[in-house]
Peer 1: 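Below is a structure I'd like to ask you about.
Every chain is numbered from 1, with letters handed out A, B, ... down the list of sequences.
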Amino acid sequence: MKKYNPKVVEKKWQKIWQETDVYKADLHSAKPKYISMSMFNYPSGAGIHIGHAMNYTISDVLARFKRQQGYESYHPVGWDSFGLPAENYAIKAGVSPQESMRAIIPNYHKQYQAMGWSNDWSKEIATHTPEYYRWTQWIFSEMYRAGLAYQDARLQWWCDKCQTVLANEQVINAKCWRHDSADDVEVQQREVKQWFFKITDYADELLEATDALDWTDTVKTAQKNWIGRSEGVLFTFTVKDLNIQLQSYDSVPQTFKAQTFAVIAPEHPLVQQLIAGTEHEQPVLEMVEQIRKKKLGNKFEVDKDIEGVFTGRYLQDPFGTGDLPIWIASFVVADYGGGFVTCSAHDERDFAFAKKYNIPLRPVMFPQDKDLAQQVRDLEVCYHHDPEGVLEQAPEGIVGMKWGEAREPIIRYIEDTKMGTRSVQYKMRDWSVSRQRYWGAPIPIIYCEQCGPQLVSDSDLPVVLPELDNFQPSGDGRSALARATDWVNVLCPKCGGAGTRETDTLDTYICSSWYFLRYLDPHNTDKPFDKLTADRWMPVDFYNGADHATAHMLYARFVTRFFHKKGLLDTAEPFKRFLFNGKVTASDGQMFSKSKGNGVDPLEIIAEHGADALRTYLMFAAPLDLWVKWDAQGVPGAGRFLNRIWSLVHEFLQSPESVAENEKVIRFAHKTIKKVTADLESQKYNTAISSMMEMVNNLNTEKAESAFTGTSSWRFALESLVQLVAPFAPHMADELWEVLGHEDSVQKDHWPVLDESLVRESVVTLVVQVNGKVRGKLSVATGSSEEAVIAMAKEDEKIKAALGGSETKRVIFVPDKLLNLVV
RNA sequence: GCCCAGGUGGCGGAAUGGUAUACGCACAGGACUUAAAAUCCUGGGCUCGUAAGAGAUUGAGGGUUCGAGUCCCUCCCUGGGCACCA
């Protein structure tokens, strides 16, 4: 018998697949479509790691399953090739990022093929190519034209190592997402003029559409929390003695009569006006400076040590309870709810601030329980967020109501008396899309002294990123592009006068917010994508990844919705199903990392055990949403399983023919077809594989008992098994399919057909319980009646003993499963 | 602090409210072999027992049910996300 040699088999089939284009998807095929993909790969010199092996195998298995089922299945491939690491490498090594990508990407081609992934290489894309980023720039222009792109000077997180600003979500534990190791410094804040996309305009619809998504729950929750919708009341106040209006937002307006002071953010633009020319000017400015320094000192952790100072100003009796003093306070978030808020005894933070600075409080709500209420009064503790708390001070008709039920009446009262209006606030901020770096898509803007910022006309796109010799940022906060004077100095598209190009490039998250659409029409030179093709293929049927659960997913949804509104796309949501899969860690649970030197190289594993064994192990180790601890013994274990299939098929082919049928092996096959098909449909790959292992065990037992009797039965079982295992071990499956005498590849349109009637056993094991405890098991004909089973049970010695002659009070009978006698 | 997701043998894990520990790994014994590797077969899994067998057991405690790993309540622990958002 030919020995299973994955090295030979895998090479052979990789070559055949490449030559015959089996994985090329016909986007205009009459077959039903299926598109399964994992998040974009960021190409680096290091090549693929075990995390890639995990991610792309997940989507590949599904793509293969659907292809075998007869779908036009598309498993796209592309490169998220813009971004900082390539640029940093260029600075260090003096090789242009363009050059690096030319060297790195072909290397990935080989590695992807070695993993046996069924990618359609004819539609490969890379975000750093002008053919691609022309449309990334076009998206910016469309956003600009729609009023969704704007420029603003803002305090931004700045990474000194990257020499660029970072979006909020790129700051992780006070550090840059690229530089978050122990010896990296924390990010700082700087005021930088930035381009923004107004994603907040879409906050509501993004939030509303979230519930209906078939996505991993944690990701949906994370998105909702990120958007952070809050409903409440926006109050408008007048500052006493000054003609200044201020607004504050309150999501818990029930206790408005308890407000005794107000706080304003130190960064608030009106602070200067409040204090100008008063004796408070000096102390306030000192406090503002002190707080600013603290923030620059990277005080990211929630600062328990809240600080503030009185401004000397008051709000003119806003609630009929007197004037409210205005304080500067460190804890006020500047860009939420206007950076100004009124405070009461019923908020923990406000309470702590008031205690620290001896500001009088006026609690208006107390516990129902009289003793507890007295305690709150006596001890002066902060009593908050209890829906059962009773309001003691409130407008007429509302006094005495519970906090939980007073909300609506109070809001109506506030609106009726014109103190404030209903309002909705979001935690989500607009998307900062400018990066002061070279290696990205240039922002298609030209500045003209006469006309201001002007969009580069669509016919002049792409604004090609010039190749440079030096990629070091210019040092003044601008990118290396600032030095490319030939490129920077251009004519204004409006007046023809002197102009200069924007030297910021676009955040790479824009590149990855629409690439799934470009996959559907990668070579189009007139449009980003063809609408008819996109309407047929969108949304993406399956998407997975182990990172970027919040920002990337939200941005992709935003851009897709934007296209949808523009009429470029029928569908509004990009990803029908999203699996947030687990990562692979070292066997001790530690993250793999270069510095720890504990990595596992997939290519080494393939060289030793084959890609099929690696793929099968990764998909078998655990449910896909759990993290997997790498087990060095796992891959050989999966290899043994594959080897058993190999042996069964070869031994079968060498055995003498027979005409006798074997019902058992037919039943094993149908049972497994049913289980594997259902499990693949819901990505329960681990149990799909274990059911195939059971089938192999059963076939081996049956072979030992009756040899390969019934050639057609055995052939059916083995061919079914080969088809079922093909998504996981595609190379071996194609080899065995050929050995079994087929001339075509098993990869297309070959999935075994289930006959439900052949799954049923004729005899089942039925459990007999006495008072809910298992006391015996009976072999009964499938579908046996209650009476028949009870009669059998009462004959059984063990059950007789357990019953001990007592009277049966109640009988629970579940056909083919269980009989419970209650005595 | 808030919001998710979890907690099952030595380990990874399985189980529409119905035989808990499938499947795999590791381990032990055996077959083949001069030997090893590879392969194949068998086995126990916690406690008691030589054994047949009996009992316990799904983080802890309560509840619903004929029956709970699964449903409800309280608590503990782990992982992840958010975090001064009024």
Peer 1: Please determine whether a side-chain nitrogen or oxygen atom of S230(A) lies at a distance below 4.0 Å from atom OP1 or OP2 of C85(B).
Peer 2: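 The answer is no; no side-chain N or O of S230(A) sits under 4.0 Å from OP1 or OP2.
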
Peer 1: Just call it for G337(A): base, sugar-phosphate, or nothing, with non-hydrogen atoms closer than 4.0 Å on any strand.
Peer 2: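 Touches nothing.
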
Peer 1: Run through RNA chain B and report every stem of 3 or more consecutive Watson-Crick or G-U pairs, distances under 3.5 Å, ordered by first number.
Peer 2: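 When the pairs of RNA chain B are grouped into runs of at least three, the stems are B:1-7 with B:76-82, B:10-12 with B:23-25, B:27-31 with B:39-43, B:46-48 with B:53-55, B:59-63 with B:71-75.
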
Peer 1: Any ion pair linking D796(A) and K800(A) (charged N to carboxylate O, less than 4.0 Å)?
Peer 2: no

Peer 1: Do the charged groups of K224(A) and D211(A) touch, with an N to O distance under 4.0 Å?
Peer 2: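 Result for this pair is yes, salt bridge flagged.
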
Peer 1: Give one of base, sugar-phosphate or nothing for D250(A), where a contact means two heavy atoms less than 4.0 Å apart.
Peer 2: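 D250(A): backbone/sugar contact only, no base atoms under 4.0 Å.
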
Peer 1: Can you tell me how the ring of F580(A) sits relative to the ring of F578(A), calling it parallel under 30°, perpendicular over 60° and tilted otherwise?
Peer 2: tilted

Peer 1: How would you label the contact of Q769(A) with the nucleic acid (heavy atoms, under 4.0 Å): base, sugar-phosphate, or nothing?
Peer 2: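 Here Q769(A) touches the bases of the nucleic acid.
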
Peer 1: Can you tell me how far apart CH2 (W226(A)) and OG1 (T221(A)) are? Round to the nearest 0.5 Å.
Peer 2: 15.0 Å

Peer 1: Quick one: classify the glycosidic conformation of G9(B) as syn or anti, with syn meaning within 90° of 0.
Peer 2: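 Syn, which is what one calls it when the glycosidic angle falls within 90° of 0.
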
Peer 1: How is V252(A) classified with respect to the nucleic acid when contacts are heavy atoms under 4.0 Å: base, sugar-phosphate, or nothing?
Peer 2: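 The residue V252(A) makes sugar-phosphate contact but no base contact.
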
Peer 1: Whether R229(A) and E231(A) form a salt bridge (side-chain N of Lys/Arg under 4.0 Å from carboxylate O of Asp/Glu) is what I want to check.
Peer 2: yes

Peer 1: Give K809(A) one of three labels, base, sugar-phosphate or nothing, depending on what nucleic acid heavy atoms sit under 4.0 Å from its own.
Peer 2: nothing

Peer 1: Can you tell me whether the side chain of N225(A) and the base of C82(B) have a donor-acceptor pair closer than 3.5 Å?
Peer 2: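 When only heavy-atom distances are counted, N225(A) does not reach the base of C82(B) through any donor-acceptor pair under 3.5 Å.
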
Peer 1: Tell me whether the NZ or CZ atom of R557(A) lies within the 45° cone about the ring axis of W215(A) and under 6.0 Å from its centre.
Peer 2: yes

Peer 1: Within the 4.0 Å limit for protein heavy atoms, which parts of nucleotides 4-16 of chain B are touched? Write it as a string from 5' to 3', B for base, S for sugar-phosphate only, - for none.
Peer 2: SS------BSS-B

Peer 1: If you find the nucleotide of RNA chain B closest to L818(A) and the one closest to V333(A), which residue's nucleotide is nearer the 5' end?
Peer 2: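 In this pair, the answer is L818(A).
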
Peer 1: Using a strict 4.0 Å threshold on nitrogen-to-oxygen distance, state whether E651(A) and K703(A) make a salt bridge.
Peer 2: yes

Peer 1: Of the options F728(A), Y685(A), W630(A), which is the one that meets Y617(A) in a ring pair (Phe, Tyr, Trp, His ring centres under 6.0 Å)?
Peer 2: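 With Y617(A) as partner, ring pair (Phe, Tyr, Trp, His ring centres under 6.0 Å) holds for just one option, W630(A).
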
Peer 1: Side chains of S706(A) and E702(A): donor-acceptor distance under 3.5 Å anywhere?
Peer 2: yes

